[in-house]
Amino acid sequence: MTADAVPPTSLPERPIPMTTAPAADAYLADGYGRVVGMSSRFAAGVCGRLLALQNEFGVTGHFAEIGAFEGRFLIAMAHCLAPGEKALGMDIFEWPNPEVLQRFEANCRRHGLGPDRVIPWKIDSGTTTASAVLAKLDSGPIRMFHVDGEHSRSALAKDLELATEATSEGGLIVLDDMLHPGYPTLMVTVQTYLERHPEMTVLCIIDRETIVAATKFVLCRKDWFKRYEDRMLEVFKPWIWPLGADFEPHWCLVLSLDTELAAII
Ligand SMILES: C[S@@+](CC[C@H](N)C(=O)[O-])C[C@H]1O[C@@H](n2cnc3c(N)ncnc32)[C@H](O)[C@@H]1O
């Protein structure tokens, strides 16, 4: 440590939302951190609870992910699904080496998820279509689509179109690594997408845990926004940052482990 660096303070582990699915909560408490990956545990708790809200609303269907990697986030979501619903893990499965596919499958098995519940698919998302994705899932529907693949503007634009076409009316699209210092231009792609898709809106921002476990945006169809937000104000109360996010003119919730405001007087 250099002379001008301040010694680190250890922050107490802060509680994350419970998903209401016991197997998912057990995995998040002891397991998530041991599966190599990047998605935040806080975001997984929030998204798992959003799947439970979908159960309340009667929104059923599968989970799909572009960029499944070793399965960290997908395993949590798969444990929140109802019987018969499946998790589709799409990835090129070549990075950092081709054995990543075996590690994905082994991690799923270790956490109680067999081929009846998880479908790995070795695919470049830029080369496929929504109907091909749905065909992997007995024609869908998909109720949550996590986009966490290639972080270029053109790849995100394509993945967003794919997810929008594949996700059902009441479904949610979750975008990883938003507002990340390493990918500052991805937000431009999201803004362009929102302008092209006036039927879509940002439901909430899930604040980052660390620079790796980065911020996610959750998108929904505009006519579902109020229904989700009303319940989210109740179930996520301890994690709501009071000022919210201004998408000019749309406002949405910011969920954070740190809900402090600046002290101004
Ligand atoms: C940041 S990692 C994903 C982390 C994972 N979602 C988690 O929660 O731990 C990004 C993944 O996207 C995959 N990827 C990159 N480009 C892709 C593409 N065009 N199609 C499918 N997957 C891609 C990479 O192989 C890598 O495994």
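Every number for a ligand or one of its atoms is a count from 1 in the order of the listing. Please read all numbers here as calculations on a predicted model, not as lab measurements.
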Got a salt bridge between K226 and E229, using NZ or NE/NH1/NH2 to carboxylate O under 4.0 Å?
no
Only pairs at least two apart or in different chains count here, so list each ring pair (Phe, Tyr, Trp, His ring centres under 6.0 Å) that has a residue in residues 123-150.
F73-H146
Could you note down all residue pairs passing side-chain hydrogen bond (donor to acceptor under 3.5 Å, both in side chains) where residues 170-186 supplies at least one of them, sequence neighbours left out?
H151-D177, D176-K216
Tell me whether the guanidinium CZ or amine NZ of R227 lies under 6.0 angstrom from the six-membered ring centre of W224 and within 45° of its axis.
yes
Is there any protein N/O under 3.5 Å from an N/O of ligand 1, and what does the full list of such pairs look like?
unit_1, atom_1, unit_2, atom_2, d
ligand 1, 6 (N), E65, OE2, 3.0
ligand 1, 6 (N), G67, O, 2.7
ligand 1, 6 (N), D148, OD2, 2.8
ligand 1, 8 (O), S39, OG, 2.8
ligand 1, 9 (O), M38, N, 3.0
ligand 1, 12 (O), D148, O, 3.4
ligand 1, 16 (N), E150, N, 3.4
ligand 1, 19 (N), D124, OD1, 2.9
ligand 1, 20 (N), S125, N, 2.9
ligand 1, 20 (N), S125, OG, 3.4
ligand 1, 22 (N), I92, N, 3.4
ligand 1, 25 (O), D91, OD1, 2.6
ligand 1, 27 (O), D91, OD1, 3.4
ligand 1, 27 (O), D91, OD2, 2.8

Carboxylate-amine/guanidinium proximity below 4.0 Å for E70 and R103
yes
Going by side-chain hydrogen bond (donor to acceptor under 3.5 Å, both in side chains), name the pairs with one or both residues in residues 130-143, residues two or more places apart or in two chains.
Q54-R143, N55-R143, E85-R143, T129-S131
